[in-house]
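Quick caveat, the model's predicted, so the values are computed rather than measured. Note that these values count all heavy atoms, side chains included, but never hydrogens, waters or copies made by symmetry.
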Amino acid sequence: MTWKTAVANIPYGGAKGGIGCNPRELSVSELERLTRVFTQKIHDLIGIHRDVPAPDMGTNSQTMAWILDEYSKFHGYSPAVVTGKPIDLGGSLGREAATGLGVVFATKFLLTEYGKAIASMKFAIQGFGNVGSWAATFIHQKGGKVVAVSDITGAVKNPNGIDIPALLKHKENTKSLKDFEGGEAMDPNDLLVHECDVLIPCALGGVLNKENAADVKAKFIIEAANHPTDPEADEILSRKDVVILPDIYANSGGVTVSYFEWVQNIQGFMWEEEKVNYELKRYMKRAFHDIKAMCHTHNCNLRMGAFTLGVNRVARATLLRGWEA
């Protein structure tokens with residue numbers, strides 16, 4: 001997260017934390033009690049200018065509302081202490097879709113470099129939760145063909161393109177991708193090696209590894225998940241001339257709009273959704289050009305360019321503060 005926020009050029013550090021549980025096995029009241037007790041244990045460690053939690057896997061805006069409420073019992077009402085909140089409690093318009101929209105912005109900028117457009121490409125998306133479903137929605141809106149989608153409930157393919165709004169409605173009604181009439185069922189394990197132009201892993205880390213990397217057919221991989229490609233797979237894919245857009249840039253839309261939400265809460269002035277999306281696109285475009293400049297300077301790939309950019313920014317700030325060894 002430190003490198004991701006540095007690449008995005010927003011004034012955050014970075015950390016990860018959470019509770020080891022399966023939220024699908026817990027009732028709403030159990031989730032609330034668990035979240036509130038967790039907040040009671042960490043309320044002195046978080047704060048508006050100290051550590052600002054945001055939602056990730058297994059959490060949502062309701063989770064953040066519980067954290068805000070519990071924190072406020074100790075420190076007074078403090079909407080800027082968490083992001084990803086419900087709109088009614090100071091959440092930002094556009095935050096729910098931000099990571100998925102950021103993925104699509106990043107994809108557009110990358111494809112443009114190669115003289116291609118979203119509308120002319122076929123996409124396979126692993127993961128149909130928040131990030132995957134929004135990414136698929138925006139790709140569909142821009143004329144791209146989503147030819148395969150998978151999640152923990154199953155997978156579906158259609159070489160002519162899946163009707164994403166219909167698939168979203170089906171999943172909302174059935175809580176599953178199974179039995180969708182607008183495509184053919186497939187083995188979820190085959191999605192990563194499915195015939196497509198652009199592969200977007202939006203689920204767990206390490207899904208692209210030495211066992212399956214050689215069989216990947218996509219020419220572009222957009223890392224919407226955190227660390228979906230292990231180092232061995234990275235080398236194999238590089239030898240195949242597959243272009244990989246790294247996670248610390250590709251999925252930074254969420255943390256960027258979390259920053260926008262924090263700014264709005266501190267100012268007490270909320271933005272229209274059009275402004276949120278405009279600023280997100282501007283930040284993503286600037287970061288992409290910064291990465292490309294680093295790649296040009298050091299003659300390296302996008303992953304090395306992104307990490308070099310992030311590490312250099314943190315190192316420079318460290319030196320300016322007088323923390324050199």
Item to complete: Step by step, work out the side chain to side chain donor-acceptor pair (under 3.5 Å) result for Arg95 and Ser258.
Response: CA-CA 7 Å; Arg95 176 60 183 87; Ser258 275; 2.9 Å; yes
Discussion item. Determine whether Lys219 and Val243 satisfy the following criterion, side-chain contact (heavy atoms from CB on, under 4.5 Å), listing intermediate values before the conclusion.
Written reply: CA-CA 6 Å; Lys219 289 301 180 184; Val243 179; over 6 Å; no
Item to complete: Under the salt bridge (charged side-chain N to carboxylate O under 4.0 Å, His left out) rule, what do Asp190 and Lys157 come out as? Steps first, then yes or no, please.
Response: CA-CA 10 Å; Asp190 292 338; Lys157 62 181 178 180; over 6 Å; no
Practice prompt. Apply side-chain contact (heavy atoms from CB on, under 4.5 Å) to the pair Lys142 and Val104, showing each step before the final yes or no.
Written response: CA-CA 10 Å; Lys142 292 179 180 295; Val104 176; 3.7 Å; yes
Practice prompt. Carefully, step by step, assess Lys169 and Glu172 under the rule salt bridge (charged side-chain N to carboxylate O under 4.0 Å, His left out).
Written response: CA-CA 5 Å; Lys169 186 173 182 180; Glu172 182 182 354; over 6 Å; no
Item to complete: Evaluate side-chain contact (heavy atoms from CB on, under 4.5 Å) for Ile162 paired with Phe180, printing each intermediate quantity in order.
Response: CA-CA 10 Å; Ile162 297 167; Phe180 176 62; 3.9 Å; yes
Practice prompt. Tell me, with the steps shown, if Phe74 and His43 meet ring-ring contact (aromatic ring centres under 6.0 Å, His included).
Written response: CA-CA 8 Å; Phe74 295 93; His43 75 89; 3.9 Å; yes
Worksheet entry | Audit row: Val147, Asn158, side-chain contact (heavy atoms from CB on, under 4.5 Å) steps and yes/no | CA-CA 5 Å; Val147 296; Asn158 186 333; over 6 Å; no
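Remark: the backbone N or O of Met1 is not paired with any side-chain donor or acceptor of Lys16 at under 3.5 angstrom. The closest donor-acceptor contact from the side chain of Thr318 to the backbone of Trp323 lies at 3.5 Å or more, if one exists at all. In this structure, Asp290 contributes its side chain and Leu309 its backbone to no donor-acceptor pair below 3.5 Å. With hydrogens and angles ignored, the 3.5 Å screen pairs no side-chain donor or acceptor of Ser238 with any backbone N or O of Glu235. The backbone N or O of Lys281 sits nowhere less than 3.5 Å from a side-chain atom of Arg286 that would complete a donor-acceptor pair. Counting only distance, with no hydrogens or angles, the side chain of Asp51 and the backbone of Leu45 share no donor-acceptor pair below 3.5 Å.
Residue Val207 comes nearest to Asn212 through the heavy atom pair O-ND2, 2.9 Å, listed as atom of the first residue, atom of the second, then distance. Of all the heavy atoms in Val52 and Ala80, the pair that sits closest is CG1-O, 3.6 Å. Closest approach of Cys202 to Val131, counting heavy atoms only: SG-CG1, 4.2 Å. Asp247 and Ala225 make their closest contact through CB-O, 3.2 Å (heavy atoms, listed as atom of the first residue, atom of the second, distance). When every heavy atom of Ala155 is checked against every heavy atom of Ser150, the shortest pair comes out as CB-CB, 3.5 Å. Between Lys122 and Cys196, the closest heavy-atom pair is O-CB, 3.7 Å.
Criterion: ILVMFWY side-chain heavy atoms under 4.5 Å apart, direct or through other members. Under it, Leu191 and Leu167 are not part of a common hydrophobic cluster. One hydrophobic cluster, built from ILVMFWY side chains closer than 4.5 Å, cannot hold both Ile244 and Val7; they sit in different ones. Residues Ile291 and Val314 are members of one and the same hydrophobic cluster, defined by side-chain heavy-atom contacts under 4.5 angstrom among Ile, Leu, Val, Met, Phe, Trp and Tyr. Linking Ile, Leu, Val, Met, Phe, Trp and Tyr whenever their side-chain heavy atoms come within less than 4.5 Å puts Leu245 and Met284 in one cluster. Hydrophobic cluster membership is shared by Val82 and Tyr77, with clusters built from Ile, Leu, Val, Met, Phe, Trp and Tyr side chains linked at under 4.5 angstrom.
Counted by atom type alone, Ser29 and Ser27 present one or more donor-acceptor pairs between their side chains at under 3.5 Å. Counted by atom type alone, Thr63 and Asn60 present one or more donor-acceptor pairs between their side chains at under 3.5 Å. Checking Gln264 against Ser92 by side-chain atom types alone, a donor-acceptor pair falls below 3.5 Å.
Counting non-hydrogen atoms of neighbouring residues, nucleotides and ligands closer than 6.0 angstrom, the NZ atom of Lys73 exceeds 12 such neighbours. Atom CD of Glu211 has more than 12 heavy atoms from other residues, nucleotides or ligands within 6.0 Å. In the displayed structure, Lys285 atom NZ is contacted under 6.0 Å by at most 12 heavy atoms of other residues, nucleotides or ligands. Within 6.0 Å of CG in Asn173 there are more than 12 heavy atoms belonging to other residues, nucleotides or ligands. By the neighbour-count criterion of 12 heavy atoms within 6.0 Å, atom NZ of Lys171 is densely surrounded, having more than that number from other residues, nucleotides or ligands. Within a 6.0 Å radius of CE in Met304, other residues, nucleotides and ligands contribute 12 heavy atoms or fewer.
Under the ring-ring contact (aromatic ring centres under 6.0 Å, His included) test applied with Tyr283, the options Phe260, Tyr278, Phe288 reduce to a single match, Phe260.
Put simply, OG1 on Thr59 and CD1 on Ile19 are 10.0 Å apart, with the number rounded to the nearest 0.5 Å. The structure places CG of Leu177 at 4.0 Å from OG1 of Thr153, a figure rounded to the nearest 0.5 Å. Taking OG1 of Thr112 as the reference point, atom CD1 of Ile118 lies at 8.0 Å (rounded to 0.5 Å). Between atom CD1 of residue Ile164 and atom CZ of residue Phe123 there is a gap of 11.0 Å, rounded to the nearest 0.5 Å. Here Asn226 contributes atom CG and Asp56 contributes atom CG; the two are 6.5 Å apart, rounded to the nearest 0.5 Å. Once rounded to the nearest 0.5 Å, the distance linking CD of Glu261 with CD1 of Ile266 reads 11.0 Å.
Within the 4.5 Å cutoff, no side-chain heavy atoms of Val156 are placed close to those of Glu184. In this structure, the side chains of Leu31 and Trp66 come closer than 4.5 Å at one or more pairs of heavy atoms. Using a 4.5 Å cut-off on side-chain heavy atoms (C-beta onward), Thr107 and Phe220 make no contact. Inter-residue side-chain proximity for Tyr71 and Ile42 is flagged as unmet; no heavy-atom pair is nearer than 4.5 Å. Counting only heavy atoms from C-beta outward, the side chains of Ile125 and Ile139 approach each other to under 4.5 Å. Here the side chains of Leu302 and Cys295 are in contact, with some heavy-atom distance below 4.5 Å. Looking at Val103 and Lys108, their side chains never come closer than 4.5 Å, going by heavy atoms from C-beta outward. Here the side chains of Cys21 and Leu26 are in contact, with some heavy-atom distance below 4.5 Å.
Glu279 has a carboxylate O that lies under 4.0 Å from a charged side-chain N of Arg282, or vice versa, which qualifies the two as a salt bridge. With respect to Lys210 and Asp230, no salt bridge is recorded, no charged nitrogen being found less than 4.0 Å from a carboxylate O. In this structure, Arg303 pairs ionically with Glu223, as a charged nitrogen and a carboxylate oxygen lie closer than 4.0 Å. Ion pairing between a basic and an acidic side chain is recognised when a charged N comes within 4.0 Å of a carboxylate O; Arg36 and Glu70 show such pairing.
Phe105 has its ring centre no less than 6.0 Å from the ring centre of Phe138.
Using cut-offs of 30° and 60° for the angle between ring planes, the Trp262 and Tyr259 rings count as tilted.
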